[in-house]
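Numbers here are sequence positions counted from 1.
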Amino acid sequence: MIHSPLVGPMTLHRLGARLHELGFEVVVPDLRGALTGPRPQWRAILDLAIAAASSVDVIVAHSGAGVLMPLLAEQLSPEVVAFVDAVVPGDGLTYQASDPFIEFVDSLSHDGPLLPPWHEWWGDDVTARLIPDGDLRDQIAADTPRVPRSFYDDPVPLPSSWMTRHGCCFLQLSPAYDDDRARAEAYEWPTARMAGQHLDVAVKPFAVGESLMSLIERARSH
C-alpha cells in the first residue's frame with residue numbers, strides 16, 4: 001500500500017490492518033525519507049516502494065501516489081493495481097501536476113524550499129471535517145512531512161500503454177476525484193464509488209476495506 005507523498009504512512013495503517021484481517025499480507029512502506037534526497041524525489045520514492053516488496057499480488061495507491069503506479073507496476077508486475085481516491089495519469093509520455101494545482105501550491109504561505117505540512121493547506125475546519133476524531137487527526141498531523149516545492153517541478157515518465165497492462169481498478173471516495181474516476185472508466189477499468197471523504201482510508205477503514213476487497217475481485221476477473 002503506497003501513501004501519498006504529501007502525508008505519512010499513518011493514513012493507511014488502519015486500512016492495512018483491516019485488509020490483513022480480511023486475509024492479505026500487507027506492507028505500508030514509509031516513503032517520507034525520499035523527500036529529503038536529491039531530485040527527482042519521485043525516483044527515491046519508487047526505490048523505497050520497490051525495496052519494501054518481495055513479491056506483490058496487489059498494489060494499492062492513495063491520493064498522489066497514483067502518479068507512480070505506472071512505473072511501480074512495470075517493476076513489480078502485480079496482478080491488480082487499485083487506485084483509491086488517487087490520481088490516474090493520462091496516456092501521455094509523462095505526468096506533471098496541472099497548472100491550477102501549481103498555482104495553488106505557489107499561493108501557500110511558506111518560507112524556504114519546503115511547503116507547509118499538508119494538513120495546514122486547508123485550515124483546521126476542513127481538517128476536522130476530514131478526520132473528526134481528534135486523536136487520529138493529531139497522529140496523522142504528526143506523521144505528515146514537509147514536501148519540497150521542487151517536488152512538483154520534475155515530470156514523471158509513463159510507460160506506454162501502461163493502463164492496459166495490469167488489472168487496474170478505481171475506488172472513489174470523494175468528489176475531488178470525479179475526473180480521475182472518469183479517466184479510469186474511459187480506460188475500461190472496474191470502478192466503484194463511496195459517498196465519503198478523501199481520508200476515509202483512515203477514518204472508515206472497515207467500509208473502505210470491504211469496498212476495496214470487492215473491487216479487487218472484480219479486477220482479477222475483468
Starting at [atom1] of [X], measure out to [atom2] of [Y] and round the result to the nearest 0.5 Å.
| X | Y | atom1 | atom2 | result |
| --- | --- | --- | --- | --- |
| Phe101 | Asp106 | CZ | CG | 10.0 Å |
| Thr144 | His119 | OG1 | NE2 | 5.5 Å |
| Leu72 | Ser77 | CG | OG | 10.0 Å |
| Leu46 | Glu74 | CG | CD | 9.5 Å |
| Met194 | Ser174 | CE | OG | 11.0 Å |
| Asp143 | Asp138 | CG | CG | 12.5 Å |

Closer than 3.5 angstrom, by distance alone: can the side chain of [X] be matched with the main-chain N or O of [Y] as a donor-acceptor pair?
| X | Y | answer |
| --- | --- | --- |
| Asp200 | Val203 | no |
| Thr11 | Val7 | no |
| His3 | Val28 | no |
| Arg181 | Gln172 | no |

- request: List the steps and the verdict of side-chain contact (heavy atoms from CB on, under 4.5 Å) for Leu136 and Arg14.
  value: CA-CA 10 Å; Leu136 179 61; Arg14 287 186 167 190; 3.6 Å; yes

- request: Give the intermediate values and the outcome of side-chain contact (heavy atoms from CB on, under 4.5 Å) for residues Val156 and Leu71.
  value: CA-CA 9 Å; Val156 179; Leu71 287 174; 3.8 Å; yes

query: Under 3.5 Å, is there a donor-acceptor pair between the His198 and Ser63 side chains?
result: yes

message: Less than 3.5 Å apart, any donor N or O on the side chain of Gln96 or Asp153 sitting next to an acceptor on the other?
response: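 Gln96 vs Asp153: no donor-acceptor pair found between side chains.
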
I'd like to check [X] versus [Y] (side-chain heavy atoms, cut-off strictly below 4.5 Å). Are they in contact?
| X | Y | value |
| --- | --- | --- |
| Pro89 | Met163 | no |
| Ser211 | Leu171 | yes |
| His62 | Met1 | no |
| Glu210 | Arg18 | yes |
| Cys169 | Arg218 | no |
| Tyr152 | Leu115 | yes |
| Pro190 | Leu215 | yes |
| Ile59 | Val80 | no |

Is there a chain of hydrophobic side chains (I, L, V, M, F, W, Y, each step under 4.5 Å between heavy atoms) that links [X] to [Y]?
| X | Y | result |
| --- | --- | --- |
| Leu114 | Leu6 | no |
| Val26 | Val84 | yes |
| Phe206 | Val201 | no |
| Leu22 | Val208 | yes |
| Leu130 | Val87 | yes |

Of all heavy-atom pairs between [X] and [Y], which one has the smallest distance, and what is that distance?
| X | Y | value |
| --- | --- | --- |
| Pro175 | Gly196 | CD-O, 4.3 Å |
| Arg32 | Pro9 | NE-CD, 3.7 Å |
| Ala184 | Thr191 | CB-CG2, 4.0 Å |
| Pro145 | Leu35 | CG-CD1, 3.7 Å |
| Val58 | Val56 | O-CG1, 3.3 Å |
| Ile102 | Ala97 | CD1-CB, 3.9 Å |

field: Geometric class of the Tyr187/Trp162 ring pair [parallel <30°, tilted 30-60°, perpendicular >60°]
entry: perpendicular

- prompt: How are the rings of Phe104 and Trp122 set relative to one another: parallel (under 30°), tilted (30 to 60°) or perpendicular (over 60°)?
  reply: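 Judged by the thresholds at 30° and 60°, the geometry between Phe104 and Trp122 is parallel.
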
- request: Go through the steps for Trp121 and Val105 under the test side-chain contact (heavy atoms from CB on, under 4.5 Å), then give the verdict.
  value: CA-CA 9 Å; Trp121 293 17; Val105 165; 4.2 Å; yes

For [X], does the [atom1] atom sit with more than 12 other heavy atoms under 6.0 Å from it, leaving out its own atoms?
| X | atom1 | value |
| --- | --- | --- |
| Asp179 | CG | no |
| His20 | NE2 | no |
| Glu188 | CD | no |
| Arg43 | CZ | no |

- request: Please report the C-alpha distance between Asp85 and Arg193 in whole Å, then the side-chain angles of each, then the deciding distance to 0.1 Å, and finally whether the salt bridge (charged side-chain N to carboxylate O under 4.0 Å, His left out) criterion is met.
  value: CA-CA 9 Å; Asp85 231 32; Arg193 184 174 186 177; over 6 Å; no

message: The test is side-chain contact (heavy atoms from CB on, under 4.5 Å); show your working for Leu93 and Leu158 and say whether it passes.
response: CA-CA 5 Å; Leu93 297 177; Leu158 299 173; over 6 Å; no

message: Aromatic contact between Phe151 and Trp42, with the criterion being ring centroids under 6.0 Å apart: yes or no?
response: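 No, the ring of Phe151 stays outside the 6.0 Å limit from the ring of Trp42, centre to centre.
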
- prompt: Does the pair Arg137/Asp124 count as a salt bridge with the N-to-O cut at 4.0 Å?
  reply: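 Salt bridge: no.
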
message: With a 4.0 Å cut-off on N to O distance, would you call Arg183 and Asp91 a salt bridge?
response: no

